[in-house]
Amino acid sequence: MNGLDRVRECMAEFLAGQGVEAITAWSDTSRKNADGAVCAVSLRKCQNLGAGFCDYLGERFNQDTGNWEELYGRRVRLTFGLDLYAPAGHTAGESAIRAAFDTLSAALQSGGPVGLKLEEFSCGETGFDRAEGRYLCPVEAVYQAFLYAVADEGGTFLDFEVKGVGQL
């Protein structure tokens with residue numbers, strides 16, 4: 001699982017901790033089996049706010065290898081899809097979407113996952129998705145973060161990760 005996959009998981013875990021029934025989009029968990037509203041978390045866009053890994057962020061000592069590693073990175077803008085789905089029927093449907101949106105909104109306004117900085121939050125109109133057989137309300141949240149790479153002493157990039165603005 002790469003850094004961008006982990007950031008989707010992190011958002012779903014954060015929302016679940018805030019009382020939002022959340023799954024990652026395209027996961028093994030089906031949103032069709034949920035009794036109430038469920039939030040499908042996807043990463044719709046990752047925009048680099050600079051060019052390449054040219055910005056040197058400093059060094060850190062890796063306790064596991066006993067070596068110094070260099071950090072390079074850029075600020076990125078992550079656009080999450082937080083689409084709300086709810087079953088059809090008089091006891092759920094649109095009212096379940098509204099209740100889930102209120103809970104989702106409160107969770108996002110509380111700050112979001114640690115270190116990610118919320119820039120904007122938007123919601124579309126609720127409609128009925130015939131292919132899914134469920135109500136759907138498209139939601140997006142845009143955050144700032146850092147995409148950084150770790151290089152060994154020889155300058156070879158080892159891996160990249162997404163980190164929150166406040167975590168470096």
Side-chain angles (χ1 to χ4, degrees), residues 1-53 73-149 159-168:
M1 184 180 300
N2 69 34
L4 296 177
D5 289 333
R6 284 191 299 268
V7 79
R8 285 186 312 124
E9 294 286 338
C10 180
M11 177 61 82
E13 289 170 11
F14 166 78
L15 292 174
Q18 300 292 312
V20 177
E21 181 71 32
I23 61 168
T24 56
W26 312 290
S27 70
D28 293 337
T29 307
S30 174
R31 60 185 169 259
K32 290 185 177 186
N33 295 335
D35 292 333
V38 65
C39 177
V41 179
S42 64
L43 188 59
R44 291 195 175 137
K45 191 185 301 185
C46 177
Q47 293 175 286
N48 186 354
L49 301 179
F53 287 109
R74 283 306 227 170
R75 194 176 295 269
V76 292
R77 181 174 293 124
L78 303 173
T79 302
F80 288 93
L82 304 173
D83 299 330
L84 296 171
Y85 289 86
H90 68 281
T91 59
E94 289 185 274
S95 62
I97 292 279
R98 281 193 299 275
F101 180 76
D102 290 345
T103 305
L104 176 63
S105 179
L108 295 177
Q109 296 302 320
S110 74
V114 174
L116 296 183
K117 181 181 176 187
L118 181 65
E119 287 188 343
E120 58 184 87
F121 172 54
S122 62
C123 174
E125 291 185 31
T126 299
F128 190 77
D129 184 337
R130 290 186 190 276
E132 289 283 330
R134 301 173 66 78
Y135 285 95
L136 166 64
C137 179
V139 179
E140 284 190 347
V142 180
Y143 285 87
Q144 263 193 41
F146 277 101
L147 179 64
Y148 80 93
D159 195 6
F160 78 91
E161 284 193 41
V162 178
K163 286 289 185 186
V165 173
Q167 293 187 356
L168 286 180

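Just so you know, these numbers use all the heavy atoms, side chains as well, and skip hydrogens, waters and symmetry mates. We number each residue from 1, following the sequence as shown.
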Could you give the distance from [atom1] ([X]) to [atom2] ([Y]), rounded to the nearest 0.5 Å?
X      : Y     : atom1 : atom2 : result
Glu21  : Tyr85 : CD    : OH    : 15.0 Å
Phe80  : Cys10 : CZ    : SG    : 7.5 Å
Leu136 : Leu84 : CG    : CG    : 8.5 Å

- prompt: Would you call Met11 and Leu82 a side-chain contact if the rule is heavy atoms closer than 4.5 Å?
  reply: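 Touching, per the 4.5 Å side-chain cut-off.
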
- State which residues pass side chain to side chain donor-acceptor pair (under 3.5 Å) with Arg77; sequence neighbours excluded, sorted by chain then number.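 Side chain to side chain donor-acceptor pair (under 3.5 Å) list for Arg77, sorted by chain: Glu119.
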
Side-chain atoms of residues 99-113: list all donor-acceptor pairs with protein atoms under 3.5 Å, sequence neighbours left out, distances to 0.1 Å.
{"from": "Thr103", "atom 1": "OG1", "to": "Ala99", "atom 2": "O", "distance (Å)": "3.2"}
{"from": "Ser110", "atom 1": "OG", "to": "Ala107", "atom 2": "O", "distance (Å)": "2.6"}

Could you pull out the closest heavy-atom pair between [X] and [Y], with the gap in Å?
X      : Y      : result
Glu94  : Thr126 : CG-CG2, 4.0 Å
Ala96  : Ala37  : O-CB, 3.6 Å
Ser42  : Ala25  : CB-CB, 3.9 Å
Phe128 : Ala88  : CE1-CB, 3.6 Å
Ala16  : Ala22  : N-CB, 4.4 Å

The single option from Arg75, Lys117, Gln47 that satisfies side-chain hydrogen bond (donor to acceptor under 3.5 Å, both in side chains) with Gln144 is Arg75

- salt bridge (Lys or Arg N to Asp or Glu O under 4.0 Å) between Asp83 and Arg44: does it pass, once the steps are laid out? CA-CA 11 Å; Asp83 299 330; Arg44 291 195 175 137; 2.4 Å; yes

| Run the side chain to side chain contact (heavy atoms under 4.5 Å, CB included) check on Val139 and Phe121 step by step: do they pass? | CA-CA 8 Å; Val139 179; Phe121 172 54; 3.5 Å; yes

